[in-house]
Every structure is written in structure tokens, then in C-alpha cells.
Number of protein chains: 2
Amino acid sequence: MADQLTACCSNGLTTPLSREDADALAQLLKAVSDPVRLQLVSIIASSPNGEVCACDLTAPVGLSQPTVSHHLKVLTQAGILEREQRGTWAWFSVNGDRLSTIAQLFG
Amino acid sequence: MADQLTACCSNGLTTPLSREDADALAQLLKAVSDPVRLQLVSIIASSPNGEVCACDLTAPVGLSQPTVSHHLKVLTQAGILEREQRGTWAWFSVNGDRLSTIAQLFG
DNA sequence: CAGACATATTGATGTCTGTCAATATCTAGG
DNA sequence: CCTAGATATTGACAGACATCAATATGTCTG
């Protein structure tokens, strides 16, 4: 899976994927294949500090608190977001490496 | 959406996505968020000629012909595959630009 | 045009998923 | 400890989706 070392911007699909690899990748991709989750990631990624409080994520997407909490959990479990408890609040940041995994696959 | 011109390997999520953009991107991502479809794309992308007959895609994924046909349709409608009828056979190739769209978003 | 073969469509079914209301859990302050 | 506020979990439900068997459509060849 790692015979593709041409640095940057080259397609990672140079060999047929095994079903196991395809399953793992599909799981990662499913996490970002939802409009609300894409919005959440983009909001966090584009924030000045690179981190956003969960309390500031409900309004922008216009959904209920439990629903946003659910999406944040899905993204965190996929390794795309990282969660840090800070007092009463939960702060989320983006794991760039995890996104790069996707970029390199399709780059 | 295009104020990000740092050539290669830079994250495209520099600004919050609108719901419309997020919807469009999610639709594209959903197309590749399935293990079977990932396998199909990887098989076609890694083939010598860059194109594969549909008749050669059923066996590798181990599913029925209608199911494979359905997956190919989903990928084609998402613009990820291109279809060319050649006699009785249908040949599929990968649209690299469409995959690059994903790569640039997460790169 | 008739038969053979490749591909697509239809219909049915079980599973997964996004959403919310209600409720529970956690954390800080008094 | 008790209250208030933030976040997570549970249960329910509607819609989406992957899959297959059966069938239809398309395309070449004789």
C-alpha cells in the first residue's frame, strides 16, 4: 500500500484495494460524507485557534443539540476530530493527518 | 471558495462551507464511501489501460451482476467514472479531476 | 429477424442512518 | 450537597441504501 512515494499530489489508487482496506477507508469516508459533518469540520478547521467549543456549533448548522453531539461523536470516533474537555465545555479540533489520508488516496 | 492557491497539498477547508456546498460535496463523497465502490475505482484506476470492461468487475468484488451495475451507475452519476459503450460491452474509466476535487478539499 | 450474450432496470427486503424529544451524566460554584 | 448549565445517551421513527432474483433492454452475429 506504500509503494507510492511521489511526494505530493499523485493518485494513491495504484493498486486494487483489498476488501479489508476498502472497508477501513469507507468507514473513514462515511464520517465526512454528510453535509452537516462537513460543515462542522469546515467551521472548526477555519476557526482562528483551530478549535471550537461544542456550544458554538449548534447554531451554525441549525440542528438540535443531541444531533450535533451525535455528529461530533461520529467524527471523533473516526479520528477526524479531537476532543478536549475544558471545564464544562468540550472543545474540538481537526486532526489534519486523518484528512491527509483521504487527500493522499485521491490526490 | 477559490482563495486557496497554494498549489499542492494545502487544506481546502479554510472557510466554513455553506449548506449548499456541503450538500454537493457530501453527495460526491457518498459515492466513494462504500467499500465495493472503492474497490471498483481502485481496480479501474490501477488497470494498465485505465479502463476496464464491466464484465471484468463482477468477479473481483464477488457480488451479483445487478449489484455491480448499480454501483457503477452511482459512480458514473457522481462523475467519478466515465462510461463508454463499445459493442456489447461497457468500459469504465476514472475521472481524475473529480477525485482531485476531493483531494484538494482535504489536502 | 432470431438467438445469444452483456448490461440495465424493477421490486422486494433487511439494515443502516439522521433526526428529535426526553432523559441522563458531567462539571463548576455557592 | 445542591443547583445550574453543558454535553451525552436513549428510544423512536422516517428515509436512505446495499443486495439479490427476476426481468427487461440493448447489441452483435448468423
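Every chain is numbered from 1, with letters handed out A, B, ... down the list of sequences. All values below come from the heavy atoms of this structure, side chains included, with hydrogens, waters and symmetry mates left out.
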Open item on the list: Measure NE2/B/H71 against C1'/C/dT9 and give the value in whole Å, please.
Closed with: 15 Å
Task: Side chain B/Q65 and base C/dA6 donor-acceptor under 3.5 Å - done: no
Open item on the list: Once you apply a heavy-atom cut-off of 4.0 Å, does B/R37 come out as touching a base, just sugar-phosphate, or nothing?
Closed with: sugar-phosphate
Task: Nucleotide nearest A/V36 (side chain, heavy atoms from C-beta), chosen from C/dA8, D/dT9, C/dT19 - done: C/dT19
TODO: Would you indicate what B/L63 reaches in the nucleic acid, counting non-hydrogen atoms under 4.0 angstrom: base, sugar-phosphate, or nothing?
DONE: sugar-phosphate
- [ ] Would you tell me if any nitrogen or oxygen in the side chain of B/S69 comes within less than 4.0 Å of OP1 or OP2 on C/dA8?
- [x] yes
Open item on the list: Assuming nearest nucleotide by heavy-atom distance, tell me which of A/P66 and B/P66 is located more 5' along DNA chain D.
Closed with: A/P66
Task: Proximity to the side chain of B/S64 - top-ranked nucleotide from D/dC20, D/dT9, C/dA8 - done: D/dC20
Task: Closest-nucleotide 5' rank along DNA chain C - winner of B/L72 and A/T88 - done: B/L72
Task: Inter-residue atom distance A/E20.CD - A/L25.CG, 0.5 Å rounding - done: 11.5 Å
Task: Partner nucleotide, any strand, of D/dG30 [Watson-Crick/G-U, under 3.5 Å] - done: C/dC1
Task: Given C/dA8, D/dT7, D/dT19, the nucleotide with the shortest approach to the side chain of A/W89 - done: D/dT7
